Structures are given as structure tokens and as C-alpha cells.
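For reference, the structure discussed in these notes is given below.
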Amino acid sequence: MRAMTQDAYGVPEEVLRLRDVDKPEVGAGEVLVRVRAAAVSGSDWHILRGLPYAARPVVGVRRPRNKVPGLELAGTVEAVGAGVTTLKVGDEVFGWCSGAFCEYVAVPEGQVTVKPANLTPEQAAAVPIAGFTALQAVRDAARVRAGQKVLVLGASGCVGTYAVQLAKHHGAEVTAVCGAAKAGMVADLGADHVLDHAAGPVTASGFDVVIDLFGNPSLRTLKRLLKPGGTVALVGGTGGRWFMGTDRWFRALLAAPFLGIKARPLVHKDRLDDLVLLRDLIEAGAVTPVLDRTYRLDEAAAAIEDVRRGRVRGHAVVTP
């Protein structure tokens, strides 16, 4: 089968190669999925570069442990291993895995489920990890409730598009910050107010919750934005090769009590229950993936670079 492969860390166009590799065999408790689409996210760029360095013990110290990138997919079950009970050959599924930038992948049964009936495979591939992150940021870290004022920083990206919709689903009044070119798209997702990040710092205040998907505001800025006792959900980070800004989480946790706010960092967890919940919300019309661009498998390097540079509204996928 064809797969995008990586033997060393580096920039995508230099280290990614399209090669013929062995088709995987399905093991006990696994399903063999014919990949129809694989999502592209900022995480793919980080993994290709081996950043942050603090993650190297997990992803590979000197070279990538997993030779095929790609973390989420949608496709069709072509074979099932011994002990599989919830899926059968022919099921259209979506979920998360290691090595989605290929034509076939063997995935544990508990990492995929039947895709939403109202989505294409390309749309469904863009749901799992970004959806998990947004759902857990809104529900678990920020604990958004009806009637609250919520500010979403980085609202037009993979996670932000879901965060806006999920905060609205929880009954919040949502102010979204993004680039001017993407403002109409974010407004269509249900944001009550959309601000251009290039117009300067947000001057509004009195928010119950800030969902920070960009990693840039100072703690003093967050204090000004939030009501006393308000909550900032810190998702991801930017800057610094060792920690990519996540060291800021620890500073926030230490400083928050003195600033009169709550800081809740989030490292998302891949959960089948949450994937099923997202499917139900999508089928009910409460959440819709925003799919901007589709690339061929051999264009994966360009797709990763476009996502990293903010050229994509919402999501991009590659199709084998």
C-alpha cells in the first residue's frame, strides 16, 4: 500500500516521502480500515519536527518512533480481528490511530466507531482529536454553563470552530477572536460577537470564561478579561522548543490564586465515549465540522504547512 513516511525529524517537505509499504495485518481486537480521509492538524507539524523536546521520550528521542504520521481518520472496515464485537466488515467508521496518512491501517476496536450518518468521510475525519479537545475544554476544564459569557481565543482553527459551537450548545454567550478573513465563517457557527485579532487587544471584560487556544495572553491580561473568580481554560501553547509554551500552564496555576482567577490547563484525552457523544451532537445538528481543504496523500507536506501558517479555515484532510 501507499503511505507517507518519515525517517527523521525536520520540516515536512524535507522529511515526508510517499512510499510503498506492507499492508498491515489485523490483530486480535483490531479492525483493518481502508482510509478514506485523514485529518491534518498542528499536532502533525509538531510531531514531524519532534517538538516540543519534552515529548521526545514518547514520540522518539532521535528519530520518530512511528514512521507514518497522521492521528485521525475516517474509512471503511475491511476486516475484523478475533474478539471484535461492535464493528463488522463494511461499516463506515471514524476515530483516532497512529499512522493515518496511508491507504490501510489496523486500529484497536475501541478507537473507532460508526461515523455520523450526515457526514462525508472527509468531514468525519476532521472530528476526533479536535472535537475531543474542544469538548473537554468547554465541558471539563471551563465547565461552561448556560448564561455565561465566554471568550474563545483562536476561534477559527481546528479546535476553535468546535469550541464556539459547543459553548453555544451549553447556552453561553460567545465572543470569538479570529482573523478578519475568517470572521464570517465563525459568525455562521453561532458566535454572538466576532473580534478581529489584528485590531488590537480585546477591550471587553467581564467574561466568566476564557478558552485560550492560542497561548499568548499574559496572566495580567487574562485577569482584566475575566470576572473575579472567572476561569481560563489553557489549551496548548506557543513558543519554546522544550515545552512549546505549556510551561506557562505551571506559572498560571501558581499565580491564579493571587490574581483571583481560576486556571485550568487541558491535556485532552482520547475517549470512545466522547467520540460517540460528538457523533450524537453532529447527527442532531448541534455541531458541524468546518472542512476547508482536501489534499491528495502526496500533498500531505503542503497540507501540514498550510495548517501551520493559518491558511486553513477550520480543517484540512488528505485522501489516499
Side-chain angles (χ1 to χ4, degrees), residues 1-24 35-75 96-105 121-123 125-126 128-130 133 154 156-161 179 181-182 213-215 236-246 289-320:
M1 69 170 186
R2 297 187 311 152
M4 292 302 297
T5 62
Q6 173 194 9
D7 295 321
Y9 292 123
V11 295
E13 60 269 24
E14 294 178 359
V15 299
L16 280 179
R17 296 288 181 270
L18 184 64
R19 295 182 176 130
D20 288 326
V21 300
D22 291 338
K23 184 177 176 180
V35 179
R36 302 298 180 186
V40 180
S41 73
S43 296
D44 296 307
W45 183 85
H46 289 135
I47 292 171
L48 283 168
R49 295 302 306 271
L51 297 173
Y53 293 145
R56 290 279 185 105
V58 176
V59 299
V61 176
R62 297 193 176 188
R63 58 184 59 85
R65 184 168 289 123
N66 184 28
K67 303 300 183 183
V68 179
L71 300 172
E72 44 197 328
L73 80 162
W96 71 97
C97 67
S98 295
F101 289 179
C102 61
E103 293 181 314
Y104 294 89
V105 63
E122 291 80 7
Q123 291 172 309
I129 294 176
T133 306
S156 63
C158 298
V159 178
T161 52
K182 303 172 184 178
L213 305 172
F214 209 62
T238 58
R241 290 178 172 269
W242 276 98
F243 299 103
M244 296 301 292
T246 54
V290 177
L291 179 61
D292 186 19
R293 302 187 189 184
T294 300
Y295 300 78
R296 299 189 311 270
L297 183 59
D298 61 357
E299 297 174 319
I304 293 168
E305 191 64 19
D306 285 346
V307 168
R308 184 181 80 88
R309 293 189 177 275
R311 297 169 182 154
V312 175
R313 303 181 184 191
H315 300 266
V317 299
V318 296
T319 55

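Only a predicted model underlies this, so the values are computations on that prediction, with no experimental measurement involved.
Heavy-atom minimum distance, A39 versus A125: CB-O, 3.2 Å. What you find for L213 and G160 is that their closest heavy atoms are CD1-CA, 3.3 Å. Shown here for R313 and K182, the closest heavy-atom pair between the two residues is CG-CG, 3.8 Å. Nearest heavy atoms, A3 versus V68: CB-CG2, 4.3 Å.
At least one side-chain heavy atom of C97 sits under 4.5 Å from a side-chain heavy atom of L73. I129 has its side chain out of reach of S41: every pair of non-hydrogen atoms, C-beta onward, lies at least 4.5 Å apart. Within the 4.5 Å cutoff, the side chain of I47 has heavy atoms near those of the L71 side chain. Between R63 and D7, the closest side-chain pair of non-hydrogen atoms is not below 4.5 Å. Using a 4.5 Å heavy-atom cutoff, the side chains of V307 and D44 are not in contact. Contact of the V21 side chain with the C102 side chain is not registered, since no non-hydrogen atoms from C-beta on lie closer than 4.5 Å. Under the 4.5 Å side-chain criterion, counting only non-hydrogen atoms from C-beta, V40 is in contact with F101.
Judged as a side chain to side chain donor-acceptor pair (under 3.5 Å), and not counting sequence neighbours, R17 has no contacts. Under the side chain to side chain contact (heavy atoms under 4.5 Å, CB included) criterion, E103 pairs with M1, R2, R34, P320, not counting sequence neighbours. Looking at residues two or more places apart in sequence or on another chain, you find a side chain to side chain contact (heavy atoms under 4.5 Å, CB included) between R308 and W45, E305.
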Report task. Assess whether side chain to side chain contact (heavy atoms under 4.5 Å, CB included) is satisfied between E299 and V318, documenting all intermediate values. Result -> CA-CA 8 Å; E299 297 174 319; V318 296; over 6 Å; no
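If you take CZ on R19 and CD on Q6, they are separated by 10.0 Å, rounding to the nearest 0.5 Å. For the atom pair CG of L291 and CD of Q123, the computed distance is 6.5 Å after rounding to the nearest 0.5 Å. Separating the CG atom in L16 from the CG atom in L48 is a distance of 5.0 Å, to the nearest 0.5 Å.
Tested against D292 for a side-chain contact (heavy atoms from CB on, under 4.5 Å), the candidates D306, V312, V317 yield a single pass: V312.
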